[in-house]
Novice: 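Below you'll find the structure I mean.
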Amino acid sequence: MAIEFKNVNYTYQVGTPFANNALTDLNFTIKPQSYTALIGHTGSGKSTILQLLDGLIKPTTGQIIFDEHVIDNKTSQKVLAKVRQHVGIVFQFPESQLFEQTVLKDVMFGPQNFGKTAQEAQALAEKALRLVNLPEEHWQKSPFDLSGGQMRRVAIAGVLAIEPSILILDEPTAGLDPVGRKEMMQMFAQLQQQQNLTIILVTHQMEDVAEYADDVLVMVGGKLVKHATPSAIFADIAWLQAQQLDVPHAVLFKNKLQAQGLELPTSIINVEQLAQSLQQYLQKGDQG
Amino acid sequence: MNNIIEVKNISYQYPSSETKALDNLSLSIAKGEWVAIIGHNGSGKSTLAKLLNYLLVADEGEIIVDGQVVNEANMWQVRNKIGMVFQNPENQFVGATVADDVAFGLENRGIDRAEMLKLVPAALKEVQMDAFADREPTHLSGGQKQRVALAGIIAVAPKIIILDEATAMLDPKGRQEVIAAIRKLKHQLGAELTVLSITHDIDEAADADRIIVINDGQMVDEGTPAEIFSVGPRLLELGLDVPFAEQLKAALRQLNVPVPTEYLDEERLVTWLWQLNSKM
């Protein structure tokens, strides 16, 4: 599913003295099956965009277009509910939203809420639990008896069970250890491929942006200041630092090598690409 | 050397668990040392922090903090010596304002109000949060909240600060702010302050004098950051991060590029790659 923002503005508490412009003139398109990173500081407008994407709020002016659905200030709750079925959001620390007696029941809640029968919901829940690699032995346990990483997987299964075509991830690896973080990010990449999902990742982890995203939106003070590929974003180190955004380690290391006279492509942004370029470079030297 | 913390053969098993969280663990920490304890989630490192403070009671073994055995009789004195910053900035606020929150620990210890009026602003100034004294904690960023938590600890001047993944939930800027505040404090107090940092963050661990690696409730390695990082592949097996130079070496090794086995920091790896290139 493609998403298009057309001249979107959002003002909190419109018509009051506290009116606060959170988003200004946003125009961008997110392509179907893309993996888009949404980055920016606290207060840059990222959370407001998430709420708009999930139909929790409507734009003050402008339009958001999800394929055939157009959302503007006048859109009815009925249409919003329809759009919401296509959008799954994994909020920060999603495990804090678990509540049911068993893992399976918890994951079934979403589909049942959208009108599926118990039987259909169970089939969807089982499928989702397999997608997040949670072994069947845990399905009848209380979600609160699982480890933190497993609880998070249950919460993510709950989102996948509604079979969204757009999956929004808000800092999905916060609080996980390095291995847990890597497993989780690889799981999302795999899900995107298998389920043809459009992924929108909200993150501070530039290493993850460099590793997984194919498109990047940079928000500053409610405005979209850059929309480009990760290679293009990370090519401008001075700009990143001015925005107080981290520079991926591979980019910094590549620059050190370039300073020593090694000719490496500027498009390198992660460790695998750097290793591959170095291997090719060294081989070429071998032949020459 | 004068050890401020002595952990002798301690074991601990959570009532709901089938395995021991800590298994016959022994270690010591010298007065004034900055030690990082690393290990993946569930390795037992946070359990150790709670045992040191008598928030949990060891099944076996003995812990001595600043010359006192950690037990029920001594627990209040021991807790007075240790300040802890926990992982979640949301979970450690009790005051209605930033200043109230910092005063909480002092009130608990029955410090004079006149004294508190001096200590609270001084502690907030230490972490550069003095401008926020009258603010509500809810409106602060994560890094600011953790710095206020740190100010609450500075105000009571403990001999030991334990950071239990204190930066894990912060964005890069917040993380740098907190680490900078701790570094500054350690620099000022020198041997009077012992820092125990339980962390996943490899950059935070690199600041320490010594790193202790814990896995399955046991100490599997200890040494200076350079010594520990030189066993990069092993750290990866234990589910831990390694410095970037080690990550790159691992990626090159996978592509059959012969790389040196000893630890190279970034500068040395650049030199090594450059020499390899010029030889060809």
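Labels below follow one simple rule: chain letters A, B, ... track the order of the sequence lines, proteins then strands, and each chain is numbered from 1.
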Novice: Most heavy-atom pairs under 4.5 angstrom with chain B, which of A:A250, A:G261, A:A174?
Specialist: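 Of A:A250, A:G261, A:A174, A:A250 has the most heavy-atom pairs under 4.5 Å with chain B.
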Novice: I want to check something: taking the side chain as every heavy atom from C-beta on, are B:H40 and A:V179 in contact at a cut-off of under 4.5 Å?
Specialist: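 Not touching, per the 4.5 Å side-chain cut-off.
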Novice: Taking B:V257, B:L248, B:D201 one by one, which has the highest count of heavy-atom pairs under 4.5 Å against chain A?
Specialist: B:L248
Novice: Parallel, tilted or perpendicular: which one describes the rings of B:F244 and A:F253, with boundaries at 30° and 60°?
Specialist: tilted
Novice: Let me confirm one number: the CH2-CG distance from B:W274 to A:L262, rounded to the nearest 0.5 Å.
Specialist: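 So the CH2 of B:W274 and the CG of A:L262 are separated by 9.5 Å.
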Novice: Taking side chain as everything from C-beta outward and backbone as N, CA, C, O, which of these in A:Q244 sits under 4.5 Å from a heavy atom of chain B? Side chain, backbone, both or neither.
Specialist: side chain
Novice: Relative to chain B, which segment of A:A259 carries a heavy atom at a distance below 4.5 Å: side chain, backbone, both, or neither?
Specialist: neither
Novice: Consider side chain to side chain contact (heavy atoms under 4.5 Å, CB included). Of B:I38, B:L235, B:D241, which one does A:P178 pass it with?
Specialist: B:D241
Novice: Check whether A:Q276 gets within reach of chain B through its side chain, its backbone, both or neither, counting any heavy atom under 4.5 Å.
Specialist: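 It is both, since atoms from each part get that close.
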Novice: Does A:Q279 reach the main-chain N or O of B:L255 with its side chain, forming a donor-acceptor pair under 3.5 Å?
Specialist: yes
Novice: Is it the side chain or the backbone of B:E266 that comes within 4.5 Å of chain A heavy atoms, both, or neither?
Specialist: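 Both parts, backbone and side chain.
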Novice: Mind checking whether A:L274 and B:L252 have side chains closer than 4.5 Å, heavy atoms only?
Specialist: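 No - every pair of side-chain heavy atoms lies 4.5 Å or more apart.
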